[in-house]
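The structure appears right after this line, and notes come after that.
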Amino acid sequence: MPIQILSPTVAAQIAAGEVVERPASVVKELLDNALDAGATRITVEARGGGIREVRVQDDGSGIAADEVELAFERHATSKLAHASDLWALQTLGFRGEALPSIASVAQIICITRTATEEVGTELRIAGGTIQERLPRGCSPGTSITVRNLFYNTPVRREYLRSESTEMVAITQVVQHTALANPHVRFTLLLDGRLALQTNGSGDLRDVVVDIYGLETARQLLPVHAEYGADMDAVQVRGLISPPSVTRGARTAMHLMVNRRVVQARGALAAVVSEAYHTMLMKGRHPIVVLAVDVHPAAVDVNIHPTKAEVKFRNPQRVLSVIGRAVRDALVEGTGVAPWSDPAHASELPRRFEVRPAPPASLRSAWGVGDSVWTTQSRWDVGVPPPATPLGPEPQAALPAPEPATSPASVGGADVDGPPPSAAPVVATPTPDPLPNPAHLSHLPPLRVIGQVGLTYIVAESPEGMYLIDQHAAHERITYERLMQQRGQGMIEAQELLMPITVELPPAAAELLLHAGEQLREWGFSLDAWGEGKVRLRAAPATLALEQAQQALLEIADYLNGQGGSTPDDWREAMLTTLACHTSVRAGRVLSVAEMRELLLALERCTSPRTCPHGRPTMVLLTPGQLERQFGRRV
Ligand code: ADP
Ligand code: MG
């Protein structure tokens, strides 16, 4: 083929690929434009996964009648005149690419009016070509309807995921944007149903209530830090969850730089996670809403066509301010020092100083259930006490060894239980670390001796003495049982004679109802029950009903983050979530018979020594270790 210049239509379609990847990217671009136009109310409507139709309506400045066509021209923008303006940018847009790109791959109806005009304009465009233009009565502001996305680029259309996945992506974009703009009132309708409504009060916590529910919002801790001035100024504000409020998916990390939503990954996300170091359990993620503001010249926003990434001029400085702000908020809010290594520890206030203390011992403070241990039992075995509420004496805090094998990760801190106590790890007097029983494949026969701390089962075996985390063990058993049932194609369900009503954030309820079929395979049967409520008619037999709400919230989270995940990921997520919300929790008295049954079931598991999250279910104390402890052997 000879060299030839592409026709403007083809060139536009190719360029559109950079900006318009899926319906959610259309929503993002239209939202940016509405915000740049100073809107205070924005309504987003999506139908058929946003592929059939997306509409964004705002009460912003509107587009003057004689500029409407121009707005759809390539590189036409009212936001930037010189390249140097990039360094003083106050707007989200500046490339003049979104409207022409969207128009080249869809059918558009733009209705707009400025406050000074008496009548507005309606412009219809399809595949980049203007079809019709009429005067039109409307209130000031702009409404852009995008229909049949990719109708003229069938290959792109084929690459789209299912309607429900696209709806999830749209919901996420609107949620992110609403969190970045608490002063704007957002409404999201999915197939005509209300999925999100914020009040535009300007209070970030109000938006969090609408997205994560009142109970969660109430628990979030404020973050506020300001450093430097002018070019060096860094301001960090927002809300973060204490370590006890976590999610199974990373989708609850919302990061904004100069009001721009940026992807929660790379160094920026890492510095936030790092600040929680050792306070979160494996596979759990905090809820984080952080707005970072720097001088417009201190950040390059033009490194990505969708502007989802930014580059700081002085990343070290900005990142350290963010990390510090999050750590301070955690310390303030929980009274727990989120130290991770001695270097960090040295930055902490004195009261959190790391210092050696006498070895831990388990004292009478430990409640004794159906146990043959007397309240005088006193062990000195380097096993940490459980977290509050049992709260033994202050312990020394030393840097944690490998998280997965550390005794600190045994039980105590339940998934939705209290935060780990101020001393996640205690000084262990033994020179050699506890063996990690996860290395051993099979369980020996275990003889139940009793229960300590309402959390651990004490058992004896020829190998030595075992401490078994009752909740972790039960999680493992349930997980394998569910896996087996799933393999046989049937999750055992409990039909509820009295269906229970579960209150959820409206977006979560919407997601769950959308995924009704998928959830039925796991034993759930749900109906809509008014806004933000679902009726649970059946649930998996292993689920503790009082935890139904928590489990459903987690499932909604997974659905929400499903974007790139595979059916295997989904299966694993469901197994882990359901296994976690069973009836045997830490803090429950178990009879000897119950403990025996639990251990028998555990012995039958294929991986009895770890819970589905990868933490150990048990700690072994060998006779040799005990002998060393008692000075019988060196
Ligand atoms: P950019 O946002 O980068 O300038 P767009 O293609 O998204 O490029 O929009 C082109 C122009 O159309 C904008 O610069 C703005 O002047 C105008 N415009 C687009 N959407 C709106 C809106 N909702 N309200 C007012 N003006 C708008
Ligand atoms: Mg734009």
Side-chain angles (χ1 to χ4, degrees), residues 8 11-13 15-21 23-45 54-83 85-106 108-117 120-125 128 130 133 136 138-146 149 173-174 177 180-181 184-187 258-261 296 300-308 310:
Q13 284 178 1
E18 289 211 321
V19 188
V20 188
E21 203 188 335
S25 24
V26 172
V27 172
K28 185 210 165 251
E29 293 296 338
L30 298 181
L31 283 174
D32 280 1
N33 283 348
L35 290 166
D36 283 347
T40 61
R41 282 165 178 258
I42 303 177
T43 302
V44 180
E45 287 172 79
V54 161
R55 176 181 302 154
V56 175
Q57 185 166 13
D58 67 59
D59 64 352
S61 64
I63 307 174
D66 58 352
E67 290 188 347
V68 182
E69 280 90 347
L70 195 56
F72 288 88
E73 293 281 336
R74 188 147 286 277
H75 311 307
T77 178
S78 57
K79 302 169 193 175
L80 180 116
H82 308 284
D85 294 346
L86 263 182
W87 302 105
L89 210 58
Q90 303 288 340
T91 54
L92 299 167
F94 55 83
R95 298 169 64 109
E97 282 186 334
L99 291 186
S101 296
I102 299 167
S104 72
V105 291
I108 292 196
I109 305 168
C110 166
I111 298 168
T112 185
R113 196 193 120 194
T114 62
T116 53
E117 291 169 328
T121 310
E122 173 174 329
L123 187 71
R124 290 178 176 249
I125 305 181
I130 294 176
R133 174 194 226 275
R136 153 111 193 205
C138 58
S139 42
T142 305
S143 147
I144 295 195
T145 306
V146 178
L149 186 63
V173 166
V174 180
T177 314
N181 298 278
V184 178
R185 194 182 148 102
F186 287 88
T187 306
N258 290 3
R259 282 177 44 246
R260 195 180 292 281
V261 174
D300 186 354
V301 294
N302 191 28
I303 56 165
H304 197 278
T306 64
K307 305 170 228 135
V310 296

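Both counts, for ligands and for their atoms, begin at 1 and track the order of listing.
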Atom 23 (N) of ligand 1: which protein heavy atom is closest, and how many Å away? Asp58 OD2, 2.9 Å
Decide whether the shortest distance between a heavy atom of Gly62 and an atom of ligand 1 is less than 4.0 Å. yes
Whether the side chain of Glu67 engages the backbone of Ala64 through a donor-acceptor N/O pair (distance < 3.5 Å, no angle test) should be reported. no
Quick one: does Asp59's side chain have a donor or acceptor within less than 3.5 Å of a partner on Thr40's backbone? yes
Going by the order shown, which atoms of ligand 1 are within less than 4.0 Å of some heavy atom of Ser61? 25 (C)
Are any of the heavy atoms in Gly141 under 4.0 Å away from ligand 1? no
dist Ser143:OG -> Leu30:CG (nearest 0.5 Å) comes out at 9.5 Å
Shortest protein heavy-atom distance from atom 22 (C) of ligand 1, along with the residue and atom involved: Thr142 OG1, 3.7 Å
Donor-acceptor contact present, side-chain Arg136 to main-chain Thr112, <3.5 Å: no
Please identify which atoms of ligand 1 are closer than 4.0 Å to at least one heavy atom of Gly93. 2 (O), 3 (O)
A student checking ligand 1 against Ala37 at a 4.0 Å heavy-atom cut-off should list atoms 24 (N), 25 (C)
I'd like to know: is the Mg ion (ligand 2) within the 2.8 Å range of an N/O/S atom from Thr77, strictly under that distance? no
Going by the atom numbers of ligand 1, which of them fall below 4.0 Å from some non-hydrogen atom of Pro100? 6 (O)
Does Asp58 use its side chain to pair, donor to acceptor, with the backbone of Ala39 at less than 3.5 Å? no
Could you list which atoms of ligand 1 come closer than 4.0 Å to a heavy atom of Arg95? 3 (O)
In terms of residue, atom name and distance, what is the protein heavy atom nearest to atom 18 (N) of ligand 1? Ile63 CD1, 3.6 Å
Taking only non-hydrogen atoms of Lys79, do any sit less than 4.0 angstrom from ligand 1? yes
Go through it in stages, so that I can follow the logic: the residues are Val146 and Val56, the test is side chain to side chain contact (heavy atoms under 4.5 Å, CB included), and I'd like the CA-CA distance, side-chain angles, deciding distance and then a yes or no. CA-CA 9 Å; Val146 178; Val56 175; over 6 Å; no
Which bit of Glu29 is near ligand 1, meaning a heavy atom under 4.0 Å away: side chain, backbone, both or neither? neither
Straight-line distance of Arg259 CZ to Asp32 CG, nearest 0.5 Å: 9.0 Å
Can you tell me how far OG1 of Thr177 sits from CZ of Phe186, rounded to the nearest 0.5 angstrom? 6.0 Å
Considering non-hydrogen atoms of the protein only, which is the closest contact for atom 6 (O) of ligand 1, and what is the distance? Leu99 N, 2.9 Å
Under-4.0 Å heavy-atom contact with ligand 1, by part of Phe94 that carries it: backbone
Atom indices of ligand 1 within 4.0 angstrom of Thr77 heavy atoms, with elements: 1 (P), 4 (O), 14 (O)
Using a 4.0 Å cut-off to any heavy atom of Ala76, which atoms of ligand 1 qualify? 10 (C)
Nearest-0.5 Å distance that lies between atom CD1 in Ile144 and atom CG in Leu31: 11.0 Å
If every non-hydrogen atom of Val261 is compared with every non-hydrogen atom of Ala180, which pair is closest and at what distance? CG2-CB, 4.0 Å
Any heavy-atom pair between the side chains of Glu69 and Arg133 that's under 4.5 Å? yes
Around atom 21 (C) of ligand 1, find the nearest protein heavy atom and jot down its residue, atom name and distance. Asn33 CB, 3.9 Å
Ranked by distance from atom 14 (O) of ligand 1, the top protein heavy atom is Ser78 N, 2.9 Å
Going by distance only, is there an N or O of Gly96 that falls short of 3.5 Å from an N or O of ligand 1? yes
Side chain to side chain contact (heavy atoms under 4.5 Å, CB included) between Glu117 and Ile63, intermediate numbers included: CA-CA 10 Å; Glu117 291 169 328; Ile63 307 174; over 6 Å; no
Do me a favour and list the nearest non-hydrogen protein atom to atom 12 (O) of ligand 1 with residue, atom name and distance? Ala71 CB, 3.4 Å
What is the distance from atom CD1 of Ile108 to atom CG of Leu123, rounded to the nearest 0.5 Å? 9.0 Å
